[in-house]
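Here the structure is laid out as structure tokens; the discussion comes afterwards.
As a basis for the values below, the full set of heavy atoms in this structure was taken, side chains included, without hydrogen atoms, waters or symmetry mates.
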Amino acid sequence: QQLGYSLSLEEVFKQIKLYTHDPAYALFVAESNSQVLGCLALHLLIPFHASSPTGRVVSLVVDQKTRRQKIASQLLARVESYARNKNCST
């Protein structure tokens with residue numbers, strides 16, 4: 001419900017499998033004490049006009065109870081580092 005759209009548990013597991021097994025996708029999870037605080041999904045693609053990949057954040061969610069604790073900022077910083085290591089242009 002916090003996503004702003006509904007997704008069945010089956011669809012969630014399907015997406016997690018895709019984002020953890022396909023090199024064009026990446027999933028980052030913020031957790032504390034085995035509790036998920038937030039997650040970010042990234043899609044790496046090479047635009048037709050470019051020679052290097054671009055990273056696109058396709059989902060960013062932080063649990064309502066843990067908002068305003070810079071979790072989104074931490075996830076974005078981690079993704080920026082990951083994208084640089086993948087030679088993304090932007």
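- Aromatic ring orientation, Y82 versus F28: perpendicular (interplanar angle above 60°, classes split at 30° and 60°).
- Remark: E11 CD is packed, more than 12 non-hydrogen atoms of other residues, nucleotides or ligands lying under 6.0 Å away.
- Scanning both residues, A24 and H43, for their nearest heavy atoms gives O-CD2, 3.2 Å.
- Linking Ile, Leu, Val, Met, Phe, Trp and Tyr residues whenever their side-chain heavy atoms come within less than 4.5 Å leaves V79 and L45 in two separate clusters.
- Closest approach of P47 to S52, counting heavy atoms only: CD-O, 3.9 Å.
- Between the CD atom in E80 and the CG atom in N85 there is a gap of 12.0 Å [rounded to 0.5 Å].
- Remark: S59 OG to Y19 OH distance equals 7.5 Å, nearest 0.5 Å.
- Tested against L40, the residues V62, V29, L60 include a single side-chain contact (heavy atoms from CB on, under 4.5 Å) partner, L60.
- Taking all atoms of both residues into account, the shortest heavy-atom contact from I46 to S51 is CG2-C, 4.5 Å.
- L44 and P23 get closest at one heavy-atom pair: CD1-O, 3.9 Å.
- The main-chain N or O of K65 is found under 3.5 Å from a side-chain atom of D63 such that the two form a donor-acceptor pair.
- Two residues are said to be in side-chain contact when any heavy atoms from C-beta on lie closer than 4.5 Å; C88 and T54 fail this criterion.
- Annotation: the span from L76 atom CG to Q74 atom CD amounts to 10.5 Å, rounded to 0.5 Å.
- Here the CG atom belonging to L42 is positioned 11.5 Å from the CG atom belonging to L75, to the nearest 0.5 angstrom.
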